[in-house]
Amino acid sequence: MRFLRQLGNNIKEAFQGIFRNKGMSALSIISIMAVLVLFGVVMLLILNMTGLVNETENKVDKVVVYLTDNAGEEEIQQIISTAEATGYVKDSSFTSKEQAWEKFSENLDLSNDSYFLEGMDENPLPASITLTLSDIKQAKSVAQSVQDSPGVYQVDYLNELIGKIVQLNDWVRTMGVVVVAILLVIAVVLIHNTVKSTISNRSHEIQIMKYIGASNGYIRRPLLIEGLIFGIVAGAIALALVYFGYRSVFGMFNERLNVMMGMKLIQPRLILKDMSIIFVCIGVGVGLIGSSLSLSRYLDV
């Protein structure tokens with residue numbers, strides 16, 4: 001009961017401190033909010049870039065094995081077995097010469113491209129096996145495993161494009177981690193300096209409380225609660241700014257990007273919940289850490 005009474009007093013003192021030092025409180029909230037907004041923008045860029053890379057990966061995660069005209073059923077099964085033995089093939093499908101021609105014909109504009117069909121007495125397209133990979137980094141090894149097999153005419157995969165996609169994916173993830181880490185450090189330093197200024201103005205009050213027997217915990221709690229409140233408020237404001245700003249950008253550019261580049265942005269509603277949790281947790285964490293660091297020197301009386 002005594003602790004609960006003390007905690008109630010601490011919460012009351014925290015709100016009194018916030019309203020008594022409105023300017024510094026506002027500066028603390030703005031400092032955290034500004035970093036969280038930057039963090040949110042960076043996070044959205046990383047998520048959309050990662051989504052684009054993953055979407056592109058799904059389009060090039062295939063090795064196509066073209067077959068000779070005399071390739072038999074036994075040879076086809078052996079090619080598939082050899083590829084699956086690498087451990088990197090999650091699915092395989094066979095396309096006959098007839099199916100290949102049918103797909104080719106469907107994609108032709110007969111009103112403009114009918115001349116392609118003139119003079120063709122037979123189907124020139126080869127049968128093929130499409131191998132869907134579980135890891136596009138292993139496309140080369142899968143291709144090499146089957147290229148000398150009986151019945152194989154040619155093996156195709158987008159080697160150069162896959163290499164660039166893998167590099168881009170690694171670069172995006174690395175830069176994302178680095179940028180987020182830098183922003184978090186900046187946030188802690190900003191709130192530390194801001195709260196330190198606030199506490200400096202109250203150092204005399206803290207020293208008096210120490211001399212009359214107040215414990216470090218009793219002195220620390222109101223100021224930590226202030227940091228917690230700063231973090232929650234800053235997180236909520238930053239979330240609103242980033243979410244509604246992103247929703248506007250999504251509405252203006254998603255359809256254009258989809259038409260022009262085949263790229264779709266992540267829908268705002270899909271990230272709202274996770275972003276809310278992340279913003280509040282980071283805001284509270286930064287507020288508590290900054291306040292805690294700032295308190296240390298003033299409790300050594």
Check your understanding: Is L131 reachable from Y153 through a run of hydrophobic residues whose side-chain heavy atoms are each under 4.5 Å from the next?
Key -> no

Practice item. Give, for atom CG of L239 and atom CZ of F244, the distance between the pair rounded to the nearest 0.5 Å. Key: 8.5 Å

Practice item. Answer with yes or no whether the hydrophobic clustering places I277 together with L44; edges join I, L, V, M, F, W, Y residues whose side-chain heavy atoms lie under 4.5 Å apart. Key: no

Review point. Between T82 and Q78, do the side chains contain an N or O donor and an N or O acceptor separated by less than 3.5 Å?
Key: yes

Check your understanding: Under 4.5 Å between any side-chain heavy atoms of V142 and V89, yes or no?
Key -> yes

Exercise for review: Calculate, to the nearest 0.5 Å, the distance between atoms NZ and OG1 belonging to K62 and T132 respectively.
Suggested key: 4.5 Å

Exercise for review: Using the side-chain contact (heavy atoms from CB on, under 4.5 Å) rule, pick out the option among V65, V63, V64 that qualifies with I129.
Suggested key: V65

Study note, to complete from the structure: Closest heavy-atom pair, S134 versus G87, reported as atoms and distance to 0.1 Å, is OG-O, 4.0 Å

Check your understanding: Are Y66 and V155 co-members of a hydrophobic cluster defined by side-chain heavy atoms under 4.5 Å apart?
Key -> no

Review point. Taking S141 for the side chain and Q138 for the main chain, is one N or O donor matched with an acceptor at less than 3.5 Å?
Key: yes

Exercise for review: Please name the pair of heavy atoms, one in I80 and one in S92, separated by the smallest distance, quoted to 0.1 Å.
Suggested key: CG2-OG, 3.6 Å

Revision key, fill the gap. Taken to the nearest 0.5 Å, the spacing of F250 CZ from Y243 OH works out to 10.0 Å

Study note, to complete from the structure: Rounded to the nearest 0.5 angstrom, the CZ-CD1 distance for R247 and I271 is 11.5 Å

**Study point:** Flag side-chain contact, heavy atom, 4.5 Å: N48 against Y246
**Key:** yes

Check your understanding: Can you tell if the side chain of E75 reaches within under 4.5 Å of the side chain of T68, non-hydrogen atoms only?
Key -> no

**Study point:** Considering all heavy atoms, the nearest A83-S145 contact
**Key:** CA-OG, 4.2 Å

Review point. Does Q99 reach the side chain of S96, with side-chain heavy atoms less than 4.5 Å apart?
Key: yes

Check your understanding: When clusters are formed by joining ILVMFWY residues with side-chain heavy atoms under 4.5 Å apart, either directly or through shared neighbours, do L36 and L272 land in the same one?
Key -> yes

Point to revise | Matching residue for M275 among V242, L47, V280, L270 - test: side-chain contact (heavy atoms from CB on, under 4.5 Å) | key: V242

Check your understanding: Between K97 and L125, what is the shortest heavy-atom contact and its length?
Key -> NZ-O, 2.8 Å

Check your understanding: Are any of the side-chain heavy atoms of L241 and I237 separated by less than 4.5 Å?
Key -> yes

**Study point:** From I182 atom CD1 to F39 atom CZ, the distance as rounded to the nearest 0.5 Å
**Key:** 13.5 Å

Exercise for review: Look up atom CG in L67 and atom CD1 in I79, then write down how far apart they are to the nearest 0.5 Å.
Suggested key: 5.0 Å

**Study point:** Heavy-atom pair of closest approach, residues P126 and A100
**Key:** O-CB, 4.0 Å

Study note, to complete from the structure: Nearest heavy-atom contact between L133 and K90 is O-CE, 3.5 Å

